[in-house]
Amino acid sequence: MEELKITTPSIKLDQLVKFSGFTETGAKAKILIDLGEFSVNGECCTKRGKKIKPGDVIEFKNKKYKVVFDEETAAALEAEKAADADKE
């Protein structure tokens, strides 16, 4: 099972679909979700705003992906934000 890394405590399904590269645009993500192309933890999900958290399993085209929190990248992003704030 492949991992989908996120850098926030949760992410909406439509954002995850676009961010993970399943689609090129948010509009295409919306269409695929509305068509029931994604399952979350074994259940078909047509809610674009469904909150996805680390540990959840997403299925798309008969392939499963486990959502994991990427602590290293999240810490780097926070450090970058702090550095930018210090510049202001």
Side-chain angles (χ1 to χ4, degrees):
M1 183 180 316
E2 288 186 43
E3 292 183 342
L4 296 177
K5 295 181 178 182
I6 62 173
T7 58
T8 55
S10 67
I11 186 170
K12 291 180 182 178
L13 180 59
D14 60 347
Q15 294 170 331
L16 179 69
V17 169
K18 184 176 179 237
F19 172 76
S20 298
F22 293 122
T23 65
E24 298 164 6
T25 66
K28 287 182 182 178
K30 177 185 183 279
I31 292 168
L32 288 176
I33 294 167
D34 286 345
L35 290 172
E37 295 291 321
F38 289 89
S39 291
V40 179
N41 299 324
E43 294 185 17
C44 179
C45 184
T46 56
K47 296 179 183 175
R48 296 187 323 256
K50 167 93 173 145
K51 280 195 174 186
I52 307 299
K53 302 176 290 305
D56 286 343
V57 175
I58 308 300
E59 187 172 347
F60 177 62
K61 294 188 176 181
N62 296 318
K63 194 166 184 180
K64 293 182 180 182
Y65 304 86
K66 184 172 184 172
V67 178
V68 297
F69 183 67
D70 185 350
E71 291 182 42
E72 192 174 309
T73 302
L77 290 171
E78 281 299 315
E80 192 175 300
K81 270 189 202 177
D84 288 345
D86 288 343
K87 289 178 185 177
E88 292 179 3

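For clarity, every value in this text was computed on a predicted model and none was experimentally measured.
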Would you say that Val40 contacts Ile58 through its side chain, given a criterion of any heavy-atom pair below 4.5 Å between the two side chains?
yes

Here the gap from Ile31 atom CD1 to Arg48 atom CZ, rounded to the nearest 0.5 Å, amounts to 10.5 Å

Show the nearest heavy-atom pair for residues Lys47 and Leu13, with the distance to one decimal.
O-CD2, 3.8 Å

Which residue, Ile33, Thr23, Leu32, forms the side-chain contact (heavy atoms from CB on, under 4.5 Å) with Asp14?
Ile33

State the CG-OG distance between Asn62 and Ser39, to the nearest 0.5 angstrom.
9.5 Å

For Ile6 and Thr8, which heavy atoms make the closest approach, and how far apart are they?
CD1-O, 3.3 Å

CG-NZ distance between Asn41 and Lys64, expressed to the nearest 0.5 angstrom:
10.0 Å

Minimum heavy-atom separation for Gly55 to Lys66, with atom names?
CA-CE, 4.2 Å

Might you point out which heavy atoms bring Phe69 and Pro54 nearest each other, and give the distance in Å?
CB-CG, 3.8 Å

Euclidean distance, Cys45 SG relative to Lys50 NZ, rounded to 0.5 Å
6.0 Å

Nearest non-hydrogen partners of Lys18 and Gly26, listed with the distance:
CD-N, 3.5 Å

Aromatic plane relationship, Phe60 with Phe38 - under 30° parallel, 30 to 60° tilted, over 60° perpendicular:
parallel

Less than 4.5 Å apart, side chain to side chain, heavy atoms only: is that true for Val57 and Glu59?
no

Side-chain heavy atoms under 4.5 angstrom apart, residues restricted to Ile, Leu, Val, Met, Phe, Trp, Tyr: same cluster for Phe19 and Val67?
no

Looking only at heavy atoms, what is the nearest atom pair of Lys12 and Gly49, with distance?
CG-O, 3.9 Å

With rounding to the nearest 0.5 Å, note down the distance linking CD in Glu37 to NZ in Lys61.
7.5 Å

Rounding to 0.5 Å, atoms CG (Leu77) and CD (Glu72) come to a distance of 11.0 Å

